[in-house]
Undergrad: 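Take a look at the following structure, please.
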Amino acid sequence: MLGRTANGLFWMFRYLERAENTARLLDAGLRMALTRDLVTAEEEWRSVIATSGQRASYEAKHGTYTGMQAWNHILRDKDNPSSILAMFGLVRQNARLARNAISGELWEAINENWLVMKDQLARPVGENRVLDIVATIRRAGTLAHGAMAGSMLRDEGYHFARAGTFLERADSIARILDIKYYLLLPSLSYVGSSLDTGQWDQVLRSVSGDRAFRWLNAGQIDARGICEFLILDDRFPRSLAFCHSALRETLTALARLHGHEGQSNALMRDSDTHLTGLTIEEVFDQGLHEFLVEFVSTNSAIANAIADDYRFLS
Amino acid sequence: MSGSAGNFDEMHNADGTVREAYASYCSWFDEQKTALLKRKHGEAETNFRKTGITFNVYGEDEAEERLIPFDMVPRVITAAEWRKLTRGIEQRVSALNAFMHDLYHRQEIIRAGRIPERLFRDNAAWLPNMVGFTPPGGVYTHIVGIDLVRTGPDEFFVLEDNARTPSGVSYMLENRETMMAMFPELFMRMPVEAVSDYPRRLAKSLAACAPKCAQDKPVVAVLTPGIYNSAYFEHAFLADQMGAELVEGSDLRVVDGRVAMRTTAGYQPVDVLYRRVDDDFLDPLTFNEDSVLGVPGIMDVYRAGGITIANAPGTGVADDKAIYSFMPEIVEFYTGEKPLLPNVETHRCADPDELKYVLDNLAELVVKEVHGSGGYGMLIGPTSSKKEIEEFRRKIVAHPENYIAQPTLSLSTCPIFTKKGLAPRHVDLRPFVLVSPDKIDITPGGLTRVALREGSLVVNSSQGGGTKDTWVLKD
């Protein structure tokens, strides 16, 4: 497979995952805003924008944080290069680049997603449509992953697609956790308060983990339990542990297909060693923020190593 | 319903009765409910949009990807008609290849005084680097599209030889897929020759042209200028269907005397490059030095026998409309036979007598730029205003050698499906021809292009034309 095609597949799935996670975050923001007073709602929209990494482009245009402005910025603003609409465009562009490495079904799913998003986001989105659109975006991801699972050859292309998916997913979850810890609470005295618990609940919802977590914890919610669940529980498909385990498998498969291991496999092993046997107490001892910053940076080093190992660009 | 006055209609005789080729189709059509056909027509478009069968239009921001309008009434050709066309095309394509070999070697046709030397000396597509060099297998034009028009039951004319980089074959294939999905029952009633094996034939034909250094299974790749090229969909489609890599210039480099592509496991040599970039952009070391679309040094590898380039560089010399006017002489010179498929009568403005005739009769003629393509830079006398004709006259007088002129033919029509029912529109036909050292392979079918505006003769997709599925019937 061409290095450029591998790069196209990797990024196609990163952008797809990023669009989906941004939509999930938006969903959490909406739910928070619907249950809060106006002042806290403003803070929560600020954190949603910050978590999605779009603060600079937002603040260049708007002086205040309101829901309508925030979601339109995230969903469709032409001046926001990271809008969900722009990401769907990038997903499709990368799919075109990798057109002969993906199945016809996957291509059609991607192309259709793009046509639907373009149509739905053609005009500003009001309160009555926003939840529908968020649901459509989540379905778009499901559709693409389903088409891939059901029709794509399990060759190196498949593994590059999976590597992109899980790298991006791990990255998003780490960022969501970090933002909860650092930005959302007005002060530390709120830790354990109903505001705190409510926010954790929304974090869980944003990664579709609320039901699974409640099932496992008999309906109880607390920060420690949620962090443990989202960081260390490898049964949940949107935990850091799960994403890294999937990424490890995919990198192992790539090394096997190519007959040798590269720098990405070495970094992956280091990261595994670090996470193995780790307890949530140790994470808190290190500091959740510090832990997450280190995790995100390891993740990014692995991404760069994949690009080098498999000659994405040169 | 019948064809417009004076034109041959593919579906109907002059007296309004249905022609033999369309008998089954018309009886089926009469059984159909118009409302259902209208719905299917809409579905076809949605389907093309969904599968992303689009072409890019340069300089249009919003509608950067467009559909080529598709008409669901097939163009039908009988087995006997096709056999005749096939013989004519084979003859013409053999002559084209022999001509190019001669031009780049002994130039006997010029020594014999059959064509003037200036024809290639003045030709921008002439490549001195190709002089004395024979491409692997002796093939110059591996993929040819011969544009044909029809004026009567037995009258087919060649309008143009696309020997350089003919496009549109993906539409031939997708049009057929769409028709089979919409009207499967029609294919059970009518014995239509398959076109779906074109990619396999192409892969085989290209592999048969591999250089001697290639392994048992030659590595074929399609070279595209990239996703912004108007025909990118076709490039990706063909690579996909052939199971070949779709490469860009930046994926290729010369490694150990071979052209190699950068894969995830390192550089791998390419044996046959089906290139969809023009000569000028192929090798910045030899041609346009600013080009990033090509591969530095590929011409040296080529000349050393390390790779097959299809079509061969310099093939454009035969693609030229000035050469076209000499095709009857060229066919006769190399095959010793009269051309089976005639040219459209062509006046060369470079010739003073012909120029006078052309200037005196501009209002009745079609004038084309010798190097133009895609329906640009031409004058259609009968449908142009006096002002347009006078402007064009000045251009011709300034550079007569840049122009040829042809009478406006009464092109055949074939009905299209409109809101008001069937309506005749002018059509042409581009069959696709594959050339390997021991075989000329013509896929039974082709791309029928149709002028969608009533009375219009312009069928180019860049000028608002559409396409139809082309059915060659089995005996």
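The figures that follow rest on heavy atoms only: side chains count, while hydrogens, waters and symmetry mates do not. Lettering of chains follows the sequences in order, A, B, ..., and the numbering in each one begins at 1.
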Undergrad: Pick whichever of A:Glu108, A:Arg4, A:Glu112 has the most heavy-atom pairs under 4.5 Å with chain B.
TA: A:Arg4
Undergrad: Against chain A, label B:Arg49 side chain, backbone, both or neither, depending on which of its atoms sit under 4.5 Å from a heavy atom there.
TA: both
Undergrad: By a 4.5 Å heavy-atom criterion (distance strictly below it), what part of A:Leu2 contacts chain B: side chain, backbone, both, or neither?
TA: both
Undergrad: Report which part of A:Phe312 has an atom under 4.5 Å of a heavy atom belonging to chain B: side chain, backbone, both, or neither.
TA: backbone
Undergrad: Just wondering, more than 12 heavy atoms not from B:Glu43 lying within 6.0 Å of its CD?
TA: yes
Undergrad: Within the supplied structure, the quantity of interest is the number of heavy atoms (other residues, nucleotides, ligands) at a distance under 6.0 Å from B:Lys40 NZ; does it exceed 12?
TA: yes
Undergrad: What closest approach, in Å, do B:Glu245 and A:Met1 show between heavy atoms, and which atom pair accounts for it?
TA: OE2-CA, 3.6 Å
Undergrad: Taking everything shown except A:Arg123 itself, do over 12 heavy atoms lie less than 6.0 Å from its CZ?
TA: no
Undergrad: How would you list, by chain and number, every residue that makes a ring-ring contact (aromatic ring centres under 6.0 Å, His included) with B:Phe287, sequence neighbours excluded?
TA: none
Undergrad: Can you say whether B:Ala244 sits under 4.5 Å from chain A via the side chain, the backbone, both, or neither, judging by heavy atoms?
TA: backbone
Undergrad: Indicate the atoms forming the closest heavy-atom contact of A:Arg96 with B:Ile227, along with that distance.
TA: NH2-O, 3.0 Å
Undergrad: Hey, is CZ on B:Arg253 packed in by over 12 heavy atoms from elsewhere, all under 6.0 Å?
TA: no
Undergrad: Whether the side chain of B:Arg262 engages the backbone of A:Arg311 through a donor-acceptor N/O pair (distance < 3.5 Å, no angle test) should be reported.
TA: yes
Undergrad: For B:Ala236, is there any backbone N or O sitting under 3.5 Å from a side-chain donor or acceptor partner on A:Asn100?
TA: no
Undergrad: Report yes if the side chains of A:Glu156 and B:Thr263 come closer than 4.5 Å at any heavy-atom pair, otherwise no.
TA: no
Undergrad: Taking all heavy atoms of A:Ala6 and all of B:Thr264, pick out the closest pair and write down the distance.
TA: CB-CG2, 3.6 Å
Undergrad: Between B:Ser250, B:Gly226, B:Ala239, B:Gly266, which residue shows the highest count of heavy-atom pairs closer than 4.5 Å to chain A?
TA: B:Gly266
Undergrad: With the side chain counted from C-beta on, respond yes when A:Arg99 and B:Leu246 share a heavy-atom pair under 4.5 Å apart, and no when they do not.
TA: no
Undergrad: Non-hydrogen atoms of chain B under 4.5 Å away: do they reach the side chain of A:Asp309, the backbone, both or neither?
TA: backbone
Undergrad: For A:Leu254, is it the side chain, the backbone, both or neither that has a heavy atom under 4.5 Å from a heavy atom of chain B?
TA: neither
Undergrad: Can you run down the ring-ring contact (aromatic ring centres under 6.0 Å, His included) pairs that involve residues 85-105 of chain A, sequence neighbours left out, and say none if there aren't any?
TA: none
Undergrad: Counting only non-hydrogen atoms closer than 4.5 Å, does B:Gln268 touch chain A with its backbone (N, CA, C, O), its side chain (CB onward), both, or neither?
TA: neither
Undergrad: Heavy-atom pairs under 4.5 Å with chain B are the metric here; pick the option from A:Thr5, A:Leu257, A:Leu115 that has the most.
TA: A:Leu115
